[in-house]
K.L.:
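There's a structure below that I have some questions on.
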Amino acid sequence: MNKIFIIILLMASVSAIGQNDLAFHQEEKNTSIKSTFSTRNSEEINNSEASAIATKSRSLGSFDQSNIHSYYNANEGMQRISARHFEFKEYYNSFPYLSRLKLLTKSRVKNAEFNIQLYSVNKDGKPSDLIYDKDIIGIAQKGKDITEIDLAHLNITFPKNGLFVAIQWLEKDKNKYQYSYKPKGLKRIKAVNIEPSFGIEPTNNVANRSYNYIRNTSREEGELKSQLNYRSYPEAKYDQLAMELILTN
């Protein structure tokens, strides 16, 4: 009888220990779940607030591609750079960082590459020094398209004296388009274009006119000069690149 009584007592003790141990782990598990849930909510709130702040932006130089019928292009050996001027306004301080660039491109080859250069503005309002010394490569799809280039990762602020955004044609084999044409009364001529071409629009604002550097002309090497003589739109005084610059905070 004594042995049986002792066995019953031991079984009851083990059962009680198991229940207490189970209750402890359940309580620990519930606490862990609550803690994780609370942390997740805090992160979601912080991310939501950060996202709301980051949406503040400003678009400069928007264009209507349906009204654009002229383009800047480059021939083999030309080594051309074209630039557009963006003036600084005090309210840009609310969104001072360069975010994205949109260009109207037209290409006869797939994935034509070009380089974007950013220039400071000197006291005479002309392009001066590069403010970013690395390549910013853009890729234009075949055909007519709006090509976008991400600038946000560069962490560049809009200069107080304004900014020139320039396009540099890259004379790579993949960018070359060979064709031929026959002028009236002459033999057929073979030529090579460097793709892509870039849309231009009319402007009467002298500050926004395009600046161009073409090495195989009489222009001084390395200097971007105002494009005054070439006008694609008779109703306007100047050409400007169809280029939209987006700023953010």
Side-chain angles (χ1 to χ4, degrees), residues 47-68 70-72 81-107 111-121 125-141 143-170 196-212 224 227 236 238-249:
N47 289 338
S48 177
E49 290 176 350
S51 177
I53 294 172
T55 56
K56 191 174 183 181
S57 63
R58 176 77 180 186
S59 175
L60 313 179
S62 59
F63 55 87
D64 182 357
Q65 63 174 310
S66 64
N67 294 330
I68 295 173
S70 292
Y71 292 80
Y72 282 156
I81 299 173
S82 295
R84 173 170 172 169
H85 179 236
F86 289 92
E87 297 178 275
F88 174 78
K89 306 290 184 182
E90 285 296 327
Y91 62 87
Y92 293 175
N93 289 325
S94 298
F95 19 76
Y97 294 99
L98 308 188
S99 177
R100 283 181 295 139
L101 187 66
K102 294 182 179 181
L103 302 161
L104 178 60
T105 58
K106 186 169 65 173
S107 179
N111 301 324
E113 293 184 3
F114 57 93
N115 188 30
I116 296 296
Q117 296 178 327
L118 305 173
Y119 289 88
S120 61
V121 182
K126 297 179 180 179
S128 182
D129 301 320
L130 281 170
I131 63 174
Y132 186 76
D133 61 0
K134 296 181 177 63
D135 291 343
I136 306 171
I137 300 298
I139 300 177
Q141 302 300 315
K144 185 177 179 180
D145 196 17
I146 301 294
T147 300
E148 293 195 28
I149 299 98
D150 177 34
L151 304 174
H153 64 287
L154 304 178
N155 200 34
I156 296 175
T157 57
F158 197 102
K160 301 296 183 181
N161 291 332
L163 173 71
F164 275 95
V165 180
I167 297 163
Q168 179 187 27
W169 279 260
L170 300 178
S197 299
F198 297 90
I200 52 178
E201 56 184 349
T203 181
N204 288 313
N205 184 351
V206 66
N208 288 349
R209 69 185 184 272
S210 292
Y211 276 66
N212 289 274
L224 281 160
Q227 182 75 33
Y238 311 106
D239 296 333
Q240 68 181 17
L241 283 162
M243 177 183 287
E244 181 179 359
L245 180 62
I246 299 170
L247 307 179
T248 188
N249 60 333

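All values below come from the heavy atoms of this structure, side chains included, with hydrogens, waters and symmetry mates left out. All residue numbers refer to positions in the sequence shown, counting from 1. Quick caveat: nothing in here was measured; it's all calculated off a predicted structure.
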K.L.:
Do you know which two heavy atoms are closest between I200 and I68, and how far apart they sit?
P.N.:
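For I200 versus I68, the nearest heavy atoms are O-CG2, 3.4 Å.
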K.L.:
Using ring centroids (six-membered ring only for Trp), state whether F86 and F158 fall under 6.0 Å.
P.N.:
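Ring-ring flag for F158/F86: false, centres at least 6.0 Å apart.
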K.L.:
State, yes or no, whether a side-chain contact exists between L118 and V165 at a heavy-atom distance under 4.5 Å.
P.N.:
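They are in side-chain contact.
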K.L.:
Under a 4.5 Å cut-off applied to non-hydrogen side-chain atoms, are K102 and I246 in contact?
P.N.:
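Yes, at least one pair of side-chain atoms sits under 4.5 Å.
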K.L.:
So, W169 versus Y72, ring centres under 6.0 angstrom or not?
P.N.:
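No - the distance between ring centres of W169 and Y72 does not fall below the 6.0 Å cut-off.
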K.L.:
Decide side-chain contact (heavy atoms from CB on, under 4.5 Å) for I136 and L151; before the verdict, give the C-alpha distance in whole Å, the side-chain angles of both, and the deciding distance to 0.1 Å.
P.N.:
CA-CA 8 Å; I136 306 171; L151 304 174; 4.0 Å; yes
K.L.:
Is there side-chain contact between K144 and Y71, with at least one heavy-atom pair below 4.5 Å?
P.N.:
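Yes, at least one pair of side-chain atoms sits under 4.5 Å.
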K.L.:
Quick one: pull up CG in L163 and OH in Y119 and give me the separation to the nearest 0.5 Å.
P.N.:
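L163 CG to Y119 OH: 11.5 Å, rounded to 0.5 Å.
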K.L.:
Please find the pair of heavy atoms, one from L154 and one from Y132, that lie closest to each other, and give the distance.
P.N.:
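For L154 versus Y132, the nearest heavy atoms are CD2-OH, 3.3 Å.
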K.L.:
Could I get the full list of side-chain contact (heavy atoms from CB on, under 4.5 Å) partners for D145, not counting sequence neighbours?
P.N.:
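side-chain contact (heavy atoms from CB on, under 4.5 Å) list for D145, sorted by chain: T105, Q141.
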K.L.:
What are the two closest heavy atoms between E244 and F63, and how far apart are they?
P.N.:
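Reported closest heavy-atom pair: N-CE2, 3.9 Å.
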K.L.:
If you define the side chain from C-beta out and look only at heavy atoms, does anything of I131 sit under 4.5 Å from P159?
P.N.:
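In short, these two side chains touch, coming nearer than 4.5 Å.
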K.L.:
What distance separates L60 CG from L247 CG, expressed to the nearest 0.5 Å?
P.N.:
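L60 atom CG to L247 atom CG measures 4.5 Å (nearest 0.5 Å).
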K.L.:
Check whether any side-chain N or O of D135 sits under 3.5 Å from a backbone N or O of I137 as a donor-acceptor pair, and report yes or no.
P.N.:
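Checking the backbone N and O of I137 against the side chain of D135, no donor-acceptor pair under 3.5 Å is found.
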K.L.:
Heavy-atom distance under 4.5 Å between the side chains of L170 and Q168, does that happen here?
P.N.:
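A side-chain contact under 4.5 Å exists here.
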K.L.:
Taking only residues two or more places apart in sequence, or in another chain, which ones meet Y97 in a ring-ring contact (aromatic ring centres under 6.0 Å, His included)?
P.N.:
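Here no residue qualifies.
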K.L.:
Can you tell me how far apart OG (S120) and CG (D129) are? Round to the nearest 0.5 Å.
P.N.:
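One gets 4.5 Å once the value is rounded to the nearest 0.5 Å.
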K.L.:
Report the distance from atom CG of L101 to atom CD1 of I149, rounding to the nearest 0.5 Å.
P.N.:
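With rounding to 0.5 Å, CG (L101) is 4.5 Å from CD1 (I149).
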K.L.:
For L241 versus R84, what's the shortest heavy-atom pair and its separation?
P.N.:
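Scanning both residues completely, I find the closest heavy atoms to be O-NH1, 2.8 Å.
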K.L.:
Between Y92 and F88, what is the ring plane arrangement, given parallel below 30°, perpendicular above 60°, and tilted in between?
P.N.:
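Plane angle over 60°, so perpendicular.
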K.L.:
Taking C-beta and beyond as the side chain, do K106 and P196 meet within less than 4.5 Å on heavy atoms?
P.N.:
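No - every pair of side-chain heavy atoms lies 4.5 Å or more apart.
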K.L.:
With rounding to the nearest 0.5 angstrom, report the OG to CG distance, S99 to D150.
P.N.:
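Rounded to the nearest 0.5 Å, the OG-CG separation comes out at 7.0 Å.
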K.L.:
Please give me the minimum heavy-atom distance between S94 and P96, naming the atom from each residue.
P.N.:
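Reported closest heavy-atom pair: C-CD, 3.7 Å.
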K.L.:
Classify the ring geometry between F164 and H85 as parallel (under 30°), tilted (30 to 60°) or perpendicular (over 60°).
P.N.:
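Rings of F164 and H85: tilted, as their planes differ by 30° to 60°.
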K.L.:
Going from CE on M243 to CD1 on I116, what distance comes out if it is rounded to the nearest 0.5 angstrom?
P.N.:
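Interatomic distance, M243 CE to I116 CD1, rounded to 0.5 Å: 5.5 Å.
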K.L.:
Kindly indicate whether the side chain of L103, heavy atoms from C-beta on, has any atom under 4.5 Å from the side chain of I146.
P.N.:
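SC-SC contact between L103 and I146 ruled out.
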